[in-house]
Amino acid sequence: MITRKRLATGVGLVLATLAAGFGTALPAAADDEPAPAPKVELVLDVSGSMRTRDIDGQSRMAAAKQAFNDVLDAVPEQVHLGIRTLGADYPGDDRKVGCEDTRQLYPVGPLDRTEAKTAVATLAPTGFTPIGPALLGAADDLEGGEGSRRIVLITDGEDTCGPLDPCEVAREIAARGTHLVVDTLGLVPNAKIRQQLTCIAEATGGTYTAVQHKEELSGRVKQLVDRAAEPVVTPVATEGAASCAAAPRLEPGLYTDREKIGEHRWYRVDVLPGQELRASASVAADRAVDDDYGVLLRAVTLHGREIVRGSEAGAGRTDVISSGLRYPKAAAPEGDDGDGKPAAETVCLQLAHSFSAPASVKRSPGLPVELTVDLVEGPEEASDVAAFGLGRGWWLLGVLALTGLLAGLLAGWISRWRVVVRRTD
């Protein structure tokens, strides 16, 4: 053992001497793994209508190519970027063939700017507008890895390849749980096109932008690519159960799920003494729904007793509705350490919403749900609704009943006294 220590010391001195003599420092071992690379795929419409000359005196295709060159020059180094086209290769009239006309022009990965620009320069407006198949292809192109994923769709028209509805495709992509965002840019200010592109974007948590100038197009695409490189909290896909007993156990974090109309979802969270559970849920209306809506989030014990609830309701058009709750669990009494490890209480979270929709609206996949769970240090003296609500015991109900009884007796006594006084007068 002593020999090994001396040997290690000697080696350390030699390395230190070499480092000092050559003026170089030994590389330190990286404690942290590099962040996963964000992935972006630009999906460009190359259909025949892109020949139209109405963007700053140029054709839509020429403006798109120049915008792409500007974007490719500005892509952050950490972003893995790819390019996919739709309607770029088949010039004929066979609808079946034309509606399969989508291909990956440049693979998703570290960007060779010269190669990508050369590939874009070869494009010429050609065929149909198969937006749905292109989105499915782009989603497959972005498979794998843990980084953020984003599709940026640039088009001048609505999909011409029904019955595959691009909006339904976007919902299917969102339902995969890969947290893939689709942003859409429309080159024509048409109400029908705007409606379709807005639906695609909203179904995946993306944005729709109408652009009519080349500078607007390049600036917006740059912004979206840069946004993909920004650090974000990636939600974790989960699947709530039909009962608390079968519910997934959640740690603090951000989660996504899908909940059908008329369905309830259950989740479980372990809360230690002295902690406060803070939970919130949002349900997005990603399809045509009726005007009246609501969301309910309840915290319940394993035995079914309600602890606290949060709810929100409304009427009229809405894109998302949210509600939340707080539940502070009292700290263990001082001196009662037990085995040194306080027991956690399992809290069941039930999520329900009251969205309804016409019979023609598809029920599957369910509406997008985002659930946030956090555990923080609880207050020393609970003073919020979660601590003093009816769910914490029946004592408050008894106090209210007793107060009402006393108030009624007092009111009756005063009334009788006034009657007696009047008769006496």
Side-chain angles (χ1 to χ4, degrees), residues 40-69 71-72 81-108 115-143 151-173 182-201 203 208 210-212 214 217 221:
V40 179
E41 183 147 86
L42 306 179
V43 179
L44 179 61
D45 181 354
V46 196
S47 61
S49 58
M50 291 290 283
R51 300 189 190 97
T52 306
R53 302 178 65 88
D54 59 357
I55 296 185
D56 300 332
Q58 297 178 306
S59 70
R60 297 169 185 171
M61 191 73 249
K65 285 183 177 181
Q66 292 181 23
F68 264 51
N69 286 339
V71 170
L72 293 173
L81 185 132
I83 303 172
R84 174 172 282 273
T85 61
L86 59 97
D89 299 317
Y90 178 69
D93 297 326
D94 189 325
R95 183 184 182 84
K96 182 177 180 181
V97 177
C99 287
E100 295 176 353
D101 183 12
T102 177
R103 66 183 172 94
Q104 191 175 41
L105 183 70
Y106 186 85
V108 178
E115 185 178 341
K117 288 181 180 180
T118 302
V120 171
T122 64
L123 297 175
T126 303
F128 288 78
T129 313
I131 293 177
L135 290 177
L136 288 174
D140 292 338
D141 296 340
L142 296 172
E143 286 283 342
I151 295 173
V152 180
L153 170 65
I154 302 102
T155 181
D156 70 338
E158 62 178 324
D159 184 276
T160 57
C161 291
L164 186 61
D165 183 359
C167 193
E168 293 297 329
V169 169
R171 290 174 185 151
E172 178 186 332
I173 291 173
V182 181
D183 296 293
T184 58
L185 289 87
L187 305 182
V188 177
N190 177 287
K192 193 172 183 180
I193 295 172
R194 181 174 64 249
Q195 182 179 4
Q196 184 177 81
L197 295 182
T198 299
C199 181
I200 293 171
Y208 162 74
V211 293
Q212 299 181 56
K214 182 179 71 67
L217 178 59
V221 177

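Side-chain atoms of C199 and R171, non-hydrogen and from C-beta on, do get closer than 4.5 Å to each other. Using a 4.5 Å heavy-atom threshold, the side chains of M61 and L44 count as touching. A heavy-atom distance below 4.5 Å is found between the side chains of L187 and L217. The shortest side-chain heavy-atom distance between T102 and V43 does not fall under the 4.5 Å cut-off. Inter-residue side-chain proximity for I131 and V169 is flagged as unmet; no heavy-atom pair is nearer than 4.5 Å. Counting only heavy atoms from C-beta outward, the side chains of Q196 and T184 never approach each other to under 4.5 Å.
Under the 3.5 Å distance criterion, the side-chain polar atoms of K65 are matched with a main-chain donor or acceptor of A121. A donor-acceptor pair under 3.5 Å is absent between the side-chain atoms of D89 and the main chain of D101, judged by distance alone. Put simply, the side chain of T198 never gets that close to the backbone of Q195: no donor and acceptor are under 3.5 Å apart. A donor-acceptor pair under 3.5 Å is formed between the side chain of D56 and the backbone N or O of K214. For the pair T85 (side chain) and I83 (backbone), a donor-acceptor distance under 3.5 Å is absent. In terms of modelled atom types and a separation under 3.5 Å, the side chain of D45 and the main chain of S47 share a donor-acceptor contact. With hydrogens and angles ignored, the 3.5 Å screen pairs a side-chain donor or acceptor of T160 with a backbone N or O of T129. Between the side chain of D141 and the main chain of P107, no donor-acceptor pair closer than 3.5 Å is present.
E41 and Q104 share a side-chain donor-acceptor pair at under 3.5 Å.
Contact detail for A64 and M50: the closest heavy-atom pair is CB-CE, 4.2 Å. Between F68 and V120, the shortest heavy-atom contact is CD2-CG2, 3.9 Å. Shown here for I193 and N190, the closest heavy-atom pair between the two residues is N-OD1, 3.1 Å. The nearest pair of heavy atoms linking L42 to V71 is CD1-CG1, 4.4 Å. Residues P130 and G98 share a closest heavy-atom pair of CG-O, 3.9 Å. For the pair Q58 and A62, the tightest heavy-atom approach, listed with the atom from each and the gap, is CB-CB, 4.3 Å.
Sparse packing is recorded around CG of D93, with 12 or fewer heavy atoms of other residues, nucleotides or ligands lying under 6.0 Å away.
Each of L86, L185, D183 was evaluated against L153; a single residue qualifies, L86, per the side-chain contact (heavy atoms from CB on, under 4.5 Å) test.
One finds a salt bridge joining R60 and D156 here, because a Lys/Arg side-chain nitrogen approaches an Asp/Glu carboxylate oxygen to under 4.0 Å.
In this structure, CD on E168 lies 12.5 Å from CG on L135, to the nearest 0.5 angstrom. Between the OG atom in S49 and the CG atom in D54 there is a gap of 9.5 Å [rounded to 0.5 Å].
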Worksheet entry | Residue pair R84, I151: steps toward the side chain to side chain contact (heavy atoms under 4.5 Å, CB included) verdict | CA-CA 10 Å; R84 174 172 282 273; I151 295 173; over 6 Å; no
